[in-house]
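Naming: A, B, ... by sequence-line order, numbering from 1 per chain.
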Protein chains: 2
Amino acid sequence: MTTATILSAIQRHVTLTDDETAFFTSLLLPQRVRQGEMIEREGEPTRCFIFVNAGCLMTYFTDKEDVDHVIQFATTGWWTGDLHSFTKQVPSIYTTKGLADSEVWLLPKASMEQLLERVPRFERYFRIIFQNSLITQQHRIIQSYSATVDERYLQFREKYPSLEQYVPQKYIASYLGITPEFLSKVRRRLMEKS
Amino acid sequence: MTTATILSAIQRHVTLTDDETAFFTSLLLPQRVRQGEMIEREGEPTRCFIFVNAGCLMTYFTDKEDVDHVIQFATTGWWTGDLHSFTKQVPSIYTTKGLADSEVWLLPKASMEQLLERVPRFERYFRIIFQNSLITQQHRIIQSYSATVDERYLQFREKYPSLEQYVPQKYIASYLGITPEFLSKVRRRLMEKS
DNA sequence: ATAGTTTATTGAACTAGGTTAAGATCGGGG
DNA sequence: CCCCGATCTTAACCTAGTTCAATAAACTAT
């Protein structure tokens with residue numbers, strides 16, 4: 001497990017000196033995640049921010065009727081985790097688990113703080129990352145209010161073509177905010193059209 | 001129109017020197033916005049990031065059926081605007097207009113860039129702002145997928161108690177992702193219960 | 001291979017929320 | 001002070017999406 005992927009992800013947005021790179025990588029903890037294994041769980045404070053080095057994770061919320069709602073999928077090159085719990089160290093409302101055998105880099109809370117303190121360029125990096133996520137989330141809200149399920153499903157496939165191979169349909173349905181049964185109908189409708 | 005509000009909003013998250021404060025305020029453009037007046041429009045690149053000094057604005061998206069969908073309300077102390085259009089300078093898909101006579105500070109794109117370049121503390125400030133917004137947006141998505149309309153309406157009122165006085169119900173309905181007629185039913189249902 | 005478990009499909013009955021249209025209420029300008 | 005346009009409410013009907021239940025297909029672990 002090398003740092004090549006994470007460093008190139010970062011260097012798409014900011015340029016680091018050798019010292020900064022060394023300091024950053026010294027803070028990272030490698031970890032393997034098995035398919036189905038939970039890496040952060042609901043109820044516990046999120047200890048680490050997570051970078052997916054290989055494989056695929058998903059983060060979901062379990063509501064009071066015990067129904068899971070997928071918040072996001074994260075494949076190679078993405079950061080994930082419960083930001084709220086991570087920053088405030090309150091119990092998380094999300095669970096993050098592997099959808100496939102995966103490798104992740106963990107950045108513990110204290111390390112993140114040191115990093116931002118000592119290397120302000122990382123403030124910039126995370127500012128850009130959060131800004132882009134925010135744009136994506138706003139877009140998702142618009143979609144869920146103004147597009148039909150058919151459109152949302154097609155856009156999902158277009159946007160995350162690699163995900164369908166990993167992700168059971170029931171999770172895609174959940175991400176789209178519908179039941180698996182209804183996604184099944186939508187898929188059939190779309191098949192018949194073409 | 002003084003800089004007191006915006007400076008105190010910033011100093012809740014980072015501490016600025018006198019020089020930095022002076023430089024920052026030199027970049028701000030004051031502007032009045034009348035009720036109903038559009039300050040940024042769909043189709044044009046967003047020139048400025050907007051801070052609400054007094055009053056209330058709303059940002060909405062108009063879909064292909066010509067229906068408006070409210071993305072966010074912004075009252076005193078909030079930043080608003082189309083981040084995607086602002087950073088990439090592509091035509092905006094949102095319109096921002098005054099819900100009441102308001103005062104805003106405008107931070108033009110070029111000024112924002114200078115600011116981040118010269119005062120890295122602002123990278124930190126905006127990193128925190130975007131991080132908090134992201135948390136809020138994710139929460140909103142969860143809500144829209146797992147809570148009933150009744151619950152969402154009650155939480156909206158709890159979270160933004162000051163807004164109901166400014167905001168016509170049809171916009172609240174839009175923000176909640178329902179029709180004004182249905183919000184009307186919901187309100188009645190809730191009145192009768194209590 | 002075989003049984004057990006999880007996932008996907010289908011169909012019928014149901015419900016949350018939308019649509020349409022008609023009144024009721026509010027609010028600002030002459 | 002009154003009128004006109006915008007907003008809000010109500011009610012009857014309609015539909016996208018859910019629920020439930022039964023079957024089929026795909027994985028997993030013996």
Student: How long is the line joining CD1 of B/Ile172 and P of D/dT7, in whole Å?
Tutor: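 Nearest whole value for this atom pair: 13 Å.
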Student: Find the distance B/Glu181:CD to C/dA24:P and express it as a whole number of Å.
Tutor: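 One finds 17 Å between P of C/dA24 and CD of B/Glu181, rounded.
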Student: Whether B/Gln35 contacts C/dG28 is assessed here as follows: a side-chain N or O lying under 4.0 Å from the phosphate OP1 or OP2. Is that the case?
Tutor: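 B/Gln35 to C/dG28 OP1/OP2: no side-chain N or O under 4.0 Å.
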Student: Could you check whether A/Lys109 pairs with A/Glu113 (Lys NZ or Arg NE/NH1/NH2 to Asp/Glu carboxylate O, under 4.0 Å)?
Tutor: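 Salt bridge flag = yes for A/Glu113 with A/Lys109.
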Student: Could you go through A/Glu20 and A/Arg118, starting from their C-alpha distance and side-chain angles, then the distance that decides it, and tell me whether this counts as salt bridge (charged side-chain N to carboxylate O under 4.0 Å, His left out)?
Tutor: CA-CA 9 Å; A/Glu20 288 165 352; A/Arg118 301 246 294 256; over 6 Å; no
Student: Can you tell me the distance, in whole Å, between the CD atom of B/Glu164 and the P atom of D/dC8?
Tutor: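 Distance check: B/Glu164 CD to D/dC8 P gives 11 Å.
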Student: I need the CD-P distance between A/Gln169 and D/dA25, as an integer number of Å.
Tutor: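 One finds 15 Å between P of D/dA25 and CD of A/Gln169, rounded.
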Student: Can you tell me how far P of D/dG17 sits from CZ of A/Arg187, to the nearest Å?
Tutor: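 To the nearest whole Å, that distance equals 17 Å.
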Student: Between D/dC27 atom P and A/Tyr166 atom OH, what is the distance in whole Å?
Tutor: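 Taking OH of A/Tyr166 and P of D/dC27, I get 16 Å after rounding.
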Student: Consider ring-ring contact (aromatic ring centres under 6.0 Å, His included). Of B/Trp78, B/Tyr160, B/Tyr175, which one does B/Phe73 pass it with?
Tutor: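 For B/Phe73, the ring-ring contact (aromatic ring centres under 6.0 Å, His included) check succeeds only for B/Tyr175.
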Student: Which heavy atom of B/Arg152 sits nearest to which heavy atom of B/Ala147, and what is that distance?
Tutor: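 Nearest pair, atom of B/Arg152 first, then B/Ala147: NE-O, 3.7 Å.
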Student: Any non-hydrogen side-chain atom of A/Met58 less than 4.5 Å from a side-chain atom of A/Lys97?
Tutor: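 Heavy-atom side-chain distance check passes, below 4.5 Å.
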Student: Whether A/Arg188 contacts C/dT9 is assessed here as follows: a side-chain N or O lying under 4.0 Å from the phosphate OP1 or OP2. Is that the case?
Tutor: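 So the side-chain polar atoms of A/Arg188 never come under 4.0 Å of the phosphate oxygens OP1 or OP2 of C/dT9.
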Student: Could you check how far CD of B/Gln165 sits from C1' of C/dG27, rounded to whole Å?
Tutor: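 Interatomic distance, CD of B/Gln165 to C1' of C/dG27: 17 Å.
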Student: Can you pull every protein N or O that's under 3.5 Å from an N or O on nucleotides 14-18 of chain C?
Tutor:
| residue | atom | partner | partner atom | Å |
| --- | --- | --- | --- | --- |
| C/dG18 | OP2 | B/Thr179 | N | 3.3 |
| C/dG18 | OP2 | B/Thr179 | OG1 | 3.3 |
| C/dG18 | O6 | B/Lys185 | NZ | 2.9 |

Student: Checking ring-ring contact (aromatic ring centres under 6.0 Å, His included) against B/Phe51, which of B/Trp79, B/Tyr125, B/Trp105 comes through?
Tutor: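 That would be B/Trp79.
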Student: Less than 4.5 Å apart, any side-chain heavy atom of A/Glu40 and any of A/Glu44?
Tutor: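 Not touching, per the 4.5 Å side-chain cut-off.
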Student: Within this structure, what is the CG-to-C1' distance between B/Leu99 and C/dG27, rounded to whole angstrom?
Tutor: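 After rounding, the reported distance stands at 17 Å.
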Student: Under 4.0 Å, counting only non-hydrogen atoms across every strand here, what does A/Pro168 touch: a base, just sugar-phosphate, or nothing?
Tutor: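 Result for A/Pro168 = sugar-phosphate.
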